[in-house]
Amino acid sequence: MALSLKYLCVLVLAVWLGLFLALQEAQAADPDPLQDFCVADTAASITVNGYPCKPAEKLTTEDFFFDGLIKEKIVDPNLSPLKSTITFGLAKHWPALNTQGLSLVRLDLAPGGVVVPHTHALATEVIHVLEGEIYTGFITNDNQLYAKTVRKGESFIFPRALQHFQLNVGKGHAVSVNFLNSQNPGIQFSTSSLFKSGILPAVLAKSFNISDQEVADLSAKITIPKGP
Ligand SMILES: *[C@@H]1O[C@H](CO)[C@@H](O)[C@H](O)[C@H]1NC(C)=O
């Protein structure tokens, strides 16, 4: 009797812990900070979940400021095969984001430019269009597409981990700033992850119902987008 009661207690505790963790999971992409800030020491040799903190006495206002989305060389998107450039503002580019649970990127799209379908396993994303017209959207786990043309001043959300994309459908340049609720959202481009990873061609031939030669032809054509 005493033994089964003990097991019951363990079971209740395990269920409670599971629920607690599940709720935690649903509330935030990144864990909450345990202090005001933890500006990353990106050169530290120890590895932790995120980055270790720079000593507070060494910080200045400049540590909390970031001009990487304008200062960093924004390559002419016309020069890239996909006619797009992605400029990243993640924790490794802006150390003050460490432990704060967010990051941002800037997209520059020449007319016809595309950001190929991709996922962020660790973050939900909002796109805010600053210039131009971008056809954008996401695909659910049931292959349902939610997509539309989003214009200057408008925003759209890509739920966490779902595949999404951007295409400049306007006549001029398109620019957006996108916000993600992780300091390090992760990015996996669907095209290059499949066709540039070196998977045995038979996997892709069967999956896409094409020949090994067609797999080779496609692999040769696909550009690997520049990651963070
Ligand atoms: C490949 O395509 C053919 C039609 O061209 C179809 O009959 C066949 O079922 C497809 N196979 C796979 C594995 O999708």
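Hydrogens, waters and symmetry mates are skipped; everything else that's a heavy atom, side chains included, is used. Indexing begins at 1, ligand by ligand and atom by atom, following the structure's order. Treat the numbers as computed from the prediction; the structure is a model and nothing was measured.
- Closer than 4.0 Å to atom 11 (N) of ligand 1 lies at least one heavy atom of the protein.
- Around atom CZ of F66, more than 12 heavy atoms belonging to other residues, nucleotides or ligands sit under 6.0 Å away.
- With hydrogens and angles left out, the side-chain atoms of Q166 and S176 include no donor and acceptor closer than 3.5 Å.
- Remark: minimum distance from atom 9 (O) of ligand 1 to any protein heavy atom is reached at N209 ND2, 4.8 Å.
- Backbone and side-chain nitrogen or oxygen atoms of K206 are examined, and none is located within less than 3.5 angstrom of a nitrogen or oxygen of ligand 1.
- Using the six-membered ring where Trp is involved, Y135 and F165 have ring planes that are tilted, between 30° and 60° apart.
- Put simply, atom 4 (C) of ligand 1 has no protein non-hydrogen atoms near it, under 4.0 Å away.
- Crowding of D67 atom CG: a count of heavy atoms from other residues, nucleotides or ligands under 6.0 Å exceeding 12.
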